[in-house]
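When reading the values below, keep in mind they use all heavy atoms of this one structure, side chains included, and skip hydrogens, waters and symmetry mates.
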Amino acid sequence: MLKNLNIPDAFDVLEISDVCSEPEVEAVFTVGSITVGMNTMFKAANSRGMSYHVFLVYSYAIAALLLLPAPFFSLKSRTLPPLSLAIAAKLGLLGLVGGLSQILGYAGISMSSPTLGSAISNLTPALTLICAFLFRMEKVSINRRSSQAKIIGTVLSIFGASVITLYKGPPMFTLKPSLLLYPLVHTSNSNWVVGGILLTGEYILVTLWIILLTQIMKDYPAELTILFFYNVIVSFMNAIFCIVMEHDMSAWRVHGIGLASVICSGLFERCLNNIIGMWAIRLKGPFYVTMFQPLSIPVAVAMGVLFLGDTLHVGSLVGATILSIGFYIVMWGKAKEEMVDESVESQMESPSFQKVPLLQ
């Protein structure tokens, strides 16, 4: 299989640069950067005592309030199908899967770091590729160089993420505590291994969430309305968890960096990020969205060092390098695949392809 995978030439590099210049790529990269920034703010607030259940309740409630007008416009629309019981059940399942993934994810970050969260998130492209293939949403042919590139690039991305997670190596760089903006205060519940397991569980559920969301958008193409009901369900579900888990009523009071993280997360991550993500999924598909996860790791490392005081190790540099190689190979495979699809479509639309009657 490897001998048929030629090294990309200069023309292939130009193809990749064309794909990377698309607005969808810039939007997806922005989504990843915002997510890393919000995770960093949450970690700073969580180290000061804010519960991740309270954080999820407030942030999703803010996003739901911002999207409140969306369902009224959808109900008045004549082009959308009615909101049937079957669609409502799928929305409930979407909220359940998404809510559980968020609980696992923020529990994992509270025990580890946003950098580990960004590293583990690189399992998503591989899981999404497998699930999309099983649900016949993504075509994979071993004989095609584009499919070979996507598979090899995905494996390299997973390997790079594993290096970052499992191999720290000697420290390279760290800042003095006096130079940090929000140094961690309370880290007694830190458990790197348990945090990694919880984050892995999160992205398994995220993969299912993306596939389920894609199916719902085909049945009910109203992204803002779907997002509104999803935010309401997740906020309500976490409120129940919070009532059961948090017996101290003072846990519901947020201030300082906690209040800032809740507001920013609700506005940017829950509302803006999900809108952009749904738009990209509708245009390019689920695999296209998830394959940009490696780009969030350098951002997470930089924010962790500058804001939280994380130490940059050799393993982070080695893993990021491997991830970059895997990302480049995946992008090359995607560019070749899109080029072949466009070529086939142009041939089918050309006059020479049309059937000519035997009798003139």
Side-chain angles (χ1 to χ4, degrees), residues 24 28-29 31-32 35-36 39 56 90-109 112 114 116-140 147 150-162 164-165 195-219 223 226-227 230-231 233-234 237 269-270 273-297 300 323 326-327 330-331 333-334:
E24 294 88 348
V28 173
F29 176 70
V31 166
T35 300
V36 170
N39 288 343
L56 290 171
K90 291 180 180 179
L91 289 174
L93 181 60
L94 183 73
L96 178 63
V97 173
L100 290 176
S101 73
Q102 293 297 293
I103 292 174
L104 292 177
Y106 281 98
I109 291 176
S112 55
L116 180 61
S118 295
I120 298 297
S121 71
N122 287 277
L123 294 173
T124 310
L127 295 172
T128 304
L129 177 62
I130 294 172
C131 290
F133 173 73
L134 294 177
F135 287 102
R136 299 181 180 180
M137 299 175 63
E138 188 79 22
K139 296 180 181 179
V140 177
S147 295
K150 288 194 295 184
I151 294 172
I152 294 173
T154 299
V155 171
L156 284 177
S157 297
I158 295 173
F159 180 70
S162 301
I164 293 177
T165 305
I197 293 174
L198 292 175
L199 288 166
T200 302
E202 175 198 6
Y203 285 103
I204 293 174
L205 293 177
V206 165
T207 301
L208 299 176
W209 185 86
I210 293 174
I211 300 298
L212 182 60
L213 174 63
T214 305
Q215 296 299 321
I216 293 176
M217 290 172 61
K218 291 181 180 179
D219 298 334
E223 290 87 350
I226 294 173
L227 189 55
Y230 169 72
N231 288 331
I233 294 171
V234 175
M237 185 174 70
E269 187 174 15
R270 312 297 169 208
N273 266 20
N274 285 334
I275 291 174
I276 295 176
M278 287 183 173
W279 169 71
I281 288 175
R282 179 167 54 84
L283 291 181
K284 292 292 186 176
F287 182 71
Y288 187 90
V289 175
T290 57
M291 73 181 183
F292 290 92
Q293 293 287 351
L295 295 178
S296 66
I297 287 189
L323 277 168
F327 168 75
V330 172
M331 285 297 298
K334 194 65 181 179

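Between E223 atom CD and I226 atom CD1 the span is 6.5 Å, to the nearest 0.5 Å. L213 CG to L208 CG: the interatomic distance, rounded to the nearest 0.5 Å, is 12.5 Å. One finds the OG1 atom of T214 at 5.5 Å from the CD1 atom of I211 (value rounded to the nearest 0.5 Å). Taking CZ from R270 and CD1 from I275, the interatomic distance works out to 13.5 Å, rounded to the nearest 0.5 Å. We find the OG1-CG distance between T35 and N273 to be 4.5 Å, quoted to the nearest 0.5 Å. Distance check, rounded to the nearest 0.5 Å: CG of L212 to CG of L205 gives 11.5 Å.
Of all heavy-atom pairs spanning V36 and S118, the tightest one is CG2-OG, 3.5 Å. In terms of heavy atoms, G95 sits closest to V234 at O-CG2, 3.7 Å.
With contacts defined as side-chain heavy-atom distances shorter than 4.5 Å, the pair Q102/M237 does not qualify. Residues I233 and Y230 are not in side-chain contact: their nearest non-hydrogen atoms beyond the backbone lie 4.5 Å or more apart. Using a 4.5 Å heavy-atom threshold, the side chains of L104 and I204 count as separate.
Y106 pairs with exactly one of L198, L199, L56 by the side-chain contact (heavy atoms from CB on, under 4.5 Å) rule, that one being L56.
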